[in-house]
Structure formats: C-alpha cells, structure tokens
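Each remark here refers to the structure printed beneath this line.
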Amino acid sequence: MNVNSDAIESLKADPTASPILRSLDFYYGNAGQDAAMDAFYAQFVRPGDLVFDIGAHVGDRIGSFRRIGARVTAVEPQPLCIRAIREIYAGDEEVVAVEAVCGANEGAAKFYVNSANPTVSTASAEFIKAADGARGWQDQVWDEEMDVPVVTLDHLIRTYGTPAFAKIDVEGFEASVLAGLSQALPALSFEFTTIERAVAQRCLDRVTELGFELFNVSMGESMNLNFDEWVSSKEMAAHIMALPHEANAGDIYCLSPR
C-alpha cells in the first residue's frame, strides 16, 4: 500500500495544516529514509501481522508497517494529525485510526498541545514540567489544552485483536500507556527522553512484570539497534541512566519469549 501523495501535497498547501508541515516534509518523500525504516521494522513485523501505532502523529510509521504488509490500528488524539492520517491512508481498509489518547484507564484526559511543534504535544503534565528550563527544550511552549477520550491497550486488544508489535511514542505518557496493558505481546517499543529517565525506569519495571525479557535501544531516528546482543532490563536501565543529556531521546525495544 502506497501513501496518497496527492493528499500529502494537498495538506502541505493548506494553511490550516501548517502546524504539521515540518513533519510532513520530514517524514514523507524520502525513499532512503523509508527503506531504512522498513528494514528496521521488518525485524519485528511480518506481512499479515497486526501493529498498534500509539502516538501516530502524521502516520509515517503507518506507511512503513503497511509497506511491510501489516495491518495497523493507529491511536492519535490531535485532530489535525488524525485528519492527516485519514486523508493520507484514505481507502486503505487495513488502517484504522482511533482519535484518542492511550492510557491506564478508559475515560477522558487533559491533552496539552504545542501548537508550534505538535510532535511534542502530550497528555503528561509531568513531561511539561521536566522540559521547563531543560537544555534543548527552552523554546517549547504548550499553549493549548483540550479534553480527549482515553482508551487502553487492553481495550484495543479486545476490539481489534492482539498485535505482534506495538510502537508507543507519547511524550512522557508511556508508563500510563503500559499501565493499561495486562499481557505480554511478542514485541513492543516505547520512547524515552533524558529529561525523564524515571519514566523509562517505570516502563522497564512494567514490561518486566508483564513478562518481557530482552531489551535493546535505538536513538533518535537512527533506525539502528545499539546493541548487537539483546540485554536484560537491569542492563538497559543502567545504559539509559548513563546516557548524556544531549542524547535527548530514543526508543527501547522489548521482546517476550516466543
């Protein structure tokens, strides 16, 4: 399934979509980047698999999962981003877009929008506090709030099935997402930042409780795993704590026994 290039260009030309223009430019139209992303995720996803994309933003990972041949349930609370996903993947019955936050309990939550940089919008007030005054985050402003529905990973599993892989990228809300999961999956990833290492530790504790045993990490958009051999949760926690502040962010990958 190819993305709808006409829809992307239409969004880029629409002044009302200007807050996501930078993301559309960065994530779409780079064949080399797409190939690297596909090769990376093919380690975890096979044709016919179901994938959950939690915090889908403008849907670039959806494109990769679909090129691999997976079905995708994407969760994203921001109306402009959900509009982009629905337009870019219009007509693709294997993409389901859920306009919500994923969290610990079903209901509603406050969502904090960074209108100048929607990619770091978040449901975590603690994340915003951690960013306040932190090096590299000085210019970030969360200037809008909205109430959004909350679904859990368990609810998504009951509704859509058990995914082979779940990608969780929700700007400091990752531990809350994992609190709404009561079973191990074959694989998942969650984002971490160096301004909130304690959240990464809570996530590692939770996935270990669920039965995940092997861990690796990929920094930024590198599309490479840092370790040749997968490590324990204790080793991963020590690695995250030792990273310099400037490392900023990455994703921890978790495997459960096959």
Side-chain angles (χ1 to χ4, degrees), residues 1-102 111 113-122 143-144 146 148-149 151 156 159-161 163-171 189 191 218 220-223 251:
M1 169 65 188
N2 294 321
V3 300
N4 186 332
S5 298
D6 289 341
I8 295 170
E9 294 308 314
S10 179
L11 285 163
K12 289 181 178 181
D14 184 348
T16 66
S18 60
I20 61 171
L21 178 60
R22 182 170 59 178
S23 292
L24 293 171
D25 281 336
F26 181 82
Y27 288 118
Y28 288 103
N30 185 325
Q33 177 177 275
D34 289 350
M37 188 181 296
D38 297 353
F40 180 79
Y41 282 116
Q43 299 173 91
F44 309 102
V45 178
R46 297 185 177 95
D49 281 348
L50 174 64
V51 175
F52 287 171
D53 186 350
I54 309 301
H57 193 46
V58 295
D60 56 295
R61 263 59 176 181
I62 298 173
S64 182
F65 299 141
R66 290 296 293 125
R67 288 190 296 272
I68 293 169
R71 299 168 289 128
V72 183
T73 296
V75 180
E76 170 57 49
Q78 298 182 77
L80 186 54
C81 292
I82 208 80
R83 172 193 160 194
I85 290 168
R86 289 172 173 163
E87 291 183 10
I88 292 169
Y89 300 98
D92 187 344
E93 296 181 354
E94 302 295 353
V95 175
V96 175
V98 179
E99 189 170 357
V101 160
C102 201
F111 191 77
V113 178
N114 186 320
S115 58
N117 187 15
T119 190
V120 295
S121 296
T122 181
D143 53 346
E144 298 179 18
M146 60 181 181
V148 297
V151 298
L156 294 173
T159 304
Y160 301 104
F165 178 72
K167 166 241 155 191
I168 303 166
D169 181 351
V170 290
E171 309 308 316
S189 69
E191 188 188 39
S218 178
E221 294 285 336
S222 67
M223 297 299 143
D251 297 278

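Hydrogens, waters and symmetry mates are skipped; everything else that's a heavy atom, side chains included, is used. Positions are given from 1, in the same order as the sequence printed here.
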Next on the checklist: Hydrogens and angles aside, do Tyr41 and Arg61 bring a side-chain donor and acceptor to less than 3.5 Å of each other?
Outcome noted: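 Tyr41 vs Arg61: donor-acceptor pair found between side chains.
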
Where [X] and [Y] come nearest, the two heavy atoms and their spacing:
| X | Y | value |
| --- | --- | --- |
| Asp60 | Met37 | OD2-CE, 3.8 Å |
| Cys81 | Val58 | SG-CG1, 4.4 Å |
| Phe111 | Gln78 | CE2-CG, 3.5 Å |
| Phe65 | Val72 | CB-CG2, 3.6 Å |
| Ile68 | Ala42 | CD1-N, 3.7 Å |
| Ala13 | Pro15 | O-CD, 3.3 Å |

Next on the checklist: For Phe52, give me all partners under ring pair (Phe, Tyr, Trp, His ring centres under 6.0 Å), at least two apart in sequence or on another chain.
Outcome noted: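 Once residues adjacent in sequence are excluded, Phe52 has no partner under the ring pair (Phe, Tyr, Trp, His ring centres under 6.0 Å) criterion.
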
Residues two or more places apart in sequence or in another chain: which of them pass salt bridge (charged side-chain N to carboxylate O under 4.0 Å, His left out) with [X]?
| X | value |
| --- | --- |
| Glu171 | none |
| Glu94 | none |
| Glu144 | none |
| Arg71 | none |

Can you list the residues that meet the side chain to side chain contact (heavy atoms under 4.5 Å, CB included) rule with [X], with sequence neighbours excluded?
| X | value |
| --- | --- |
| Asp14 | Thr16, Ala17, Arg83 |
| Pro149 | Ala100 |
| Ala56 | Asp53, Ile62, Ala74, Glu76, Ile85 |
| Ser189 | Phe165, Lys167, Tyr253 |

Item to check | Glu191 vs Ile168, side-chain contact (heavy atoms from CB on, under 4.5 Å): CA-CA, chis, key distance, verdict | outcome: CA-CA 6 Å; Glu191 188 188 39; Ile168 303 166; over 6 Å; no

Checklist entry - Among all residues two or more places apart in sequence or in another chain, which pass the side chain to side chain donor-acceptor pair (under 3.5 Å) test with Thr122? => result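 Side chain to side chain donor-acceptor pair (under 3.5 Å) check on Thr122 returns nothing, list empty.
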
Item to check | Set of side chain to side chain donor-acceptor pair (under 3.5 Å) partners for Ser222, sequence neighbours left out | outcome: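 Ser222 satisfies side chain to side chain donor-acceptor pair (under 3.5 Å) with Ser218 once adjacent residues are dropped.
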
Next on the checklist: For residues 32-43, which residue pairs pass the salt bridge (charged side-chain N to carboxylate O under 4.0 Å, His left out) check, not counting sequence neighbours?
Outcome noted: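 For residues 32-43: Asp34-Arg67, Asp38-Arg67.
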
Item to check | Check against side-chain contact (heavy atoms from CB on, under 4.5 Å), Ile88 and Leu24 | outcome: CA-CA 11 Å; Ile88 292 169; Leu24 293 171; 4.1 Å; yes

